[in-house]
Amino acid sequence: MSQFIVIGAGQAGQSIVTKLRAKGFDGKITLIGDEAAPPYQRPPLSKSYLLGDMELDRIYLRPQQYYTDENIDLITGREVSSIDPVAKTVTLGDEVLSYDALALTTGARPHRLPAKIGGDLEGVYTMRTLADADAIRPQFKSGASVLIVGGGYIGLEAAAVAAKKGLNVTLVEMADRILQRVASPQTSDYFRALHTAHGVKLREGVGLQTLTGEGHVSGAILTDGTVLNVDFVIVGVGIAPDTRLAATAGLSIDNGIVTDLCARTSDPSIFAAGDCASFPHDGKHIRIESVGNAIDQGEIAAQNMLDLNVSYTPKPWFWSDQYDVKLQIAGLSTGHDQVVVRENDGARSHWYYRNGQLIAVDAMNDPRGYMIAKRLIESGKTADPDMVADPVSDLKSLLRT
């Protein structure tokens with residue numbers, strides 16, 4: 001009987017084991033996670049779960065009974081120490097497990113502040129895991145002061161929750177503007193105004209010099225000399241793909257675990273998917289840090305573990321909830337040379353073009369614009385910029401051309 005092992009019990013790992021069973025694989029499946037919890041959703045952690053609007057059981061991707069019913073051996077709270085690709089074994093504590101095919105869905109690790117500037121003080125949190133969210137939730141008390149380091153989506157989502165909970169919120173972003181790495185100035189402007197309207201103190205072009213405190217953080221000194229009193233700190237300064245096991249196993253690493261379009265690594269018996277994996281796209285290897293990519297790439301990996309020879313065509317989509325605004329993103333805006341703004345009755349969207357071709361959209365409370373742009377992008381079509389900018393134009397007609 002064939003034995004498949006998946007290391008990493010997150011969204012991509014869940015996607016793989018689910019697809020394997022759906023495709024009729026009746027061999028042994030072992031899913032190993034280093035967290036105590038079974039596979040769960042990460043996006044709600046910095047949104048509805050942190051706010052207290054989503055209960056724990058709704059976070060889980062599948063109920064515990066699912067793994068029993070599907071004969072999946074789910075191992076949680078344990079770390080794999082090594083992989084032997086020659087012997088095709090995985091070492092887990094005192095156990096050595098054999099595999100016919102192995103998938104790495106080890107995800108990513110959050111960047112942390114250096115200890116020399118106070119990063120190891122109590123009360124300094126990252127926002128990546130369920131344990132992180134559970135540690136942070138009790139700190140969200142009305143009137144408390146929180147410093148958020150990093151103006152990406154994780155930082156902004158945490159800021160929105162904190163502001164809604166009545167905290168005093170300061171967010172610092174060392175770059176010239178929030179969301180600089182992932183969005184246009186127009187999108188940055190929109191969310192700056194939104195957060196400012198909710199009382200968040202945004203400090204762009206300002207970094208953190210050091211945190212202060214005896215054991216527990218109590219203050220911060222910013223690079224412009226500002227001194228803040230803080231009760232706790234949330235750090236959202238990006239993530240790095242977790243390639244440690246892959247590297248020690250001798251797999252190729254380049255911005256993540258290198259895979260081909262079949263999710264196969266440099267070892268033909270080992271596959272990778274999700275935040276840890278890079279794949280070829282537009283002449284280079286990229287990673288896509290999203291739920292959609294984890295699901296889709298995981299399903300591709302599962303099918304190719306079964307030798308079905310299916311290639312991955314990414315269809316990137318993302319979302320973020322902040323206050324009463326739902327941001328929906330489709331496509332990849334990297335390399336855009338034009339942004340067209342569309343506003344209509346409270347809905348707003350930013351359409352990204354490169355050489356006249358529509359490549360991405362940021363839609364704020366504009367599900368219709370998002371849906372149309374997403375379908376255009378995925379079909380390789382474009383949209384006339386003048387028509388997009390006209391708030392009374394019928395965008396749906398673009399789908400008929």
Side-chain angles (χ1 to χ4, degrees), residues 1-18 20 25 27-40 42 60-62 64 67 71-112 115 119-120 126 128-132 134-135 238-259 263-278 287 289 294 297-298 301-302 304-305:
M1 179 184 292
S2 294
Q3 301 185 70
F4 289 175
I5 296 177
V6 181
I7 302 174
Q11 187 79 63
Q14 181 67 57
S15 178
I16 289 175
V17 300
T18 300
L20 286 172
F25 177 67
K28 181 175 176 58
I29 298 176
T30 303
L31 175 61
I32 305 170
D34 60 2
E35 295 183 55
Y40 60 84
R42 291 195 191 278
Y60 298 141
L61 292 171
R62 293 287 190 279
Q64 191 70 39
Y67 304 98
N71 194 25
I72 295 168
D73 185 10
L74 174 63
I75 300 173
T76 58
R78 297 181 66 187
E79 289 193 30
V80 172
S81 57
S82 65
I83 300 166
D84 185 335
V86 176
K88 290 190 174 181
T89 59
V90 165
T91 299
L92 183 67
D94 296 331
E95 296 181 76
V96 177
L97 309 177
S98 298
Y99 65 84
D100 294 291
L102 171 68
L104 299 177
T105 55
T106 47
R109 294 171 293 145
H111 294 305
R112 299 179 182 275
D120 59 353
T126 55
R128 177 69 181 176
T129 67
L130 180 58
D132 290 336
D134 285 340
I239 59 176
D242 191 345
T243 60
R244 292 172 295 177
L245 273 176
T248 57
L251 302 182
S252 295
I253 307 295
D254 179 12
N255 184 30
I257 305 169
V258 174
T259 69
R264 186 176 282 107
T265 70
S266 53
D267 183 310
S269 297
I270 303 179
F271 299 78
D275 288 356
C276 68
S278 66
R287 287 186 310 108
E289 300 165 0
Q297 198 176 24
N304 290 315
M305 292 169 78

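We count residues from 1, following the sequence as given. Remember, predicted model here, so these are calculated numbers, not experimental data.
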Step-by-step side chain to side chain contact (heavy atoms under 4.5 Å, CB included) determination, Leu74 to Gln64
CA-CA 9 Å; Leu74 174 63; Gln64 191 70 39; 4.0 Å; yes
Distance-only check: which donor-acceptor pairs under 3.5 Å involve side-chain atoms of residues 252-259, not counting sequence neighbours?
from	atom 1	to	atom 2	distance (Å)
Asn255	OD1	Arg287	NE	3.3
Thr259	OG1	Ser278	O	2.8

Hey, what do you get for CG (Leu251) to CG (Leu245), rounding to the nearest 0.5 Å?
9.5 Å
Quick one: are Phe271 and Gln297 in side-chain contact, heavy atoms under 4.5 Å?
no
Between OH on residue Tyr99 and OG1 on residue Thr30, distance to nearest 0.5 Å:
13.0 Å
Could you grab the distance from atom OG1 of Thr106 to atom CD1 of Ile7, nearest 0.5 Å is fine?
8.0 Å
Can you list the residues that meet the ring-ring contact (aromatic ring centres under 6.0 Å, His included) rule with Phe4, with sequence neighbours excluded?
Phe25
From CA spacing to verdict: side-chain hydrogen bond (donor to acceptor under 3.5 Å, both in side chains), Arg42, Tyr40:
CA-CA 6 Å; Arg42 291 195 191 278; Tyr40 60 84; 3.1 Å; yes
Rounded to the nearest 0.5 Å, what's the gap from CD1 on Ile29 to CD1 on Ile72? Could you check?
5.0 Å
Enumerate the residue pairs fulfilling salt bridge (Lys or Arg N to Asp or Glu O under 4.0 Å) with a member in residues 74-86, sequence neighbours excluded, ordered by first and then second residue.
Arg78-Glu95
Are Pro39 and Leu31 side-chain neighbours, meaning at least one heavy-atom pair lies under 4.5 Å?
yes
Nearest 0.5 angstrom please: Leu104 CG to Ile5 CD1, how far?
10.5 Å
